[in-house]
Amino acid sequence: METVVSGIRPTGNLHLGNYFGAIKSFVQMQNEYNCYFFIADWHSLTTRPKPESIVNSARTILAEYLACGIDPEKATIYIQSDVKEVLELYLYLNMNAYLGELERTTTFKEKARQQPDNVNAGLLTYPTLMAADILIHRAVKVPVGKDQEQNMEMARKFARRFNNMYEVELFPEPASFSFTDKAIKIPGLDGSGKMGKSDGNCIYLYEDEKSIRKKVMKAVTDAGPTVPNSEKPEVIQNLFTFLDIVSSKDTYNYFEEKWNDCSIRYGDLKKQLAEDIVTFTNPIRERIEEYTNNTELLDKIALQGAEKARESAVKTIQEVRRIIGFK
Ligand code: TRP
């Protein structure tokens, strides 16, 4: 079975955009591949989070992963900082990662712009840590969004470089499995295109009904159609995309007809949409709550995941040490 690795930085709660992007592809892949999914808490240190928030956010994401159907019996799910072998590989890879190529990555340049007071070496070597995450399990496929393409290029380059330097074939070159190509793009509610983490624009998996309804009712619309069968402007298309995802075919068709004969009432559409989103997220929210309240179970799952991940990581690191010349 082919090996897959992917990580999520714990930067707050998951929203519907994450669900229909990353998470859904993870849930599918766990049945067909040998999957390692981890919470990238080391990566999150580049922005200096508070110590309390680190444990909490790792736990939160773990609970949310599980609630969405990532199954620890099928996939190996772990917290990055539990697998110290990754750091050793990170060090070795850094010895053959050049300042010039690291400085040129767009994510680095962007981060350096965003936090000019904290342009740290961790930020610079983010791509080497990410490569270590992937290469430690010798993964061949990595489900990521399009924004990670350059980091993936780097991971392939580092794998190739190591192999060439020592004349071995230890690391396969990991291919990106872009879920953004396959997934439905989840629109934001403020008409800004994509669902992101800004409040008002996104619906979290863990969000109470009242707040979901309020956000949906506030979604941006327009003055309404005046010509029958006209094309939908983006903000309206966004609402229909949502309907398509969470509502029944009948509901979708009903509003489609109303749009086409210009009798649509956005208030009705939003009310129905809010209802259907609540129905969709309710069971997920309940499961998140169950896991969150059971820290013992969460810790046990994290521990078992770490053990499984270390088994694979130790094998790679032993090989690497031998190849490099450490006995
Ligand atoms: N860089 C990824 C992101 O920002 C997270 C990540 C870290 C990752 N290590 C990884 C993704 C390894 C895939 C594989 O979303």
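As the structure lists them, so they are numbered: ligands from 1, and atoms in each ligand from 1. Predicted, not measured: the structure shown is a model, and the values here were computed from it.
- Per-residue contacts place F38 under 4.0 angstrom from the following atoms of ligand 1 (heavy atoms of the residue considered): 9 (N), 10 (C), 12 (C).
- Residue Y126 approaches ligand 1 through these ligand atoms, each under 4.0 Å from one of its heavy atoms: 1 (N), 2 (C), 3 (C), 4 (O), 5 (C).
- For CD of E257, the number of neighbouring non-hydrogen atoms (other residues, nucleotides, ligands) closer than 6.0 Å is 12 at most.
- If you number the atoms of ligand 1 from 1 as listed, the ones under 4.0 Å from a heavy atom of V144 come out as 11 (C), 13 (C).
- Residue-level proximity to ligand 1 for I134 is carried by the side chain, the only part with a heavy atom below 4.0 angstrom.
- On a distance-only criterion, R9 and ligand 1 share at least one N/O pair closer than 3.5 Å.
- The two residues P143 and M29 come nearest to each other via the heavy atoms CG-SD, 3.7 Å.
- Of the heavy atoms in V142, only side-chain atoms (C-beta onward) come closer than 4.0 Å to ligand 1.
- Neither the backbone nor the side chain of D147 has any atom closer than 4.0 Å to an atom of ligand 1 (non-hydrogen atoms only).
- Taking distance alone, with nitrogen or oxygen atoms compared against 3.5 Å, Q148 approaches ligand 1 more closely than that limit.
- When each of R160, R161, R156 is tested with E173 by the rule salt bridge (charged side-chain N to carboxylate O under 4.0 Å, His left out), just one qualifies, namely R160.
- Here the heavy atom of the protein found nearest to atom 5 (C) of ligand 1 is G7 O, 3.6 Å.
- Within the 4.0 Å heavy-atom criterion, neither part of F37 lies near ligand 1.
- No more than 12 heavy atoms of other residues, nucleotides or ligands lie within 6.0 Å of OH in Y254, so this atom counts as exposed by the packing criterion.
- Ring planes of F20 and F280: parallel class, angle under 30° (limits at 30 and 60°).
- A salt bridge (charged side-chain N to carboxylate O under 4.0 Å, His left out) with E207 is found for one member of K214, K215, R213, R285 and no other, namely K215.
- Scanning all protein heavy atoms for the shortest distance to atom 9 (N) of ligand 1 gives D133 OD2, 2.8 Å.
- Between R59 and D299 there is a salt bridge, since at least one side-chain N of the basic residue sits less than 4.0 Å from a carboxylate O of the acidic one.
- By the 4.5 Å heavy-atom criterion applied to side chains, F162 and I323 are counted as neighbours.
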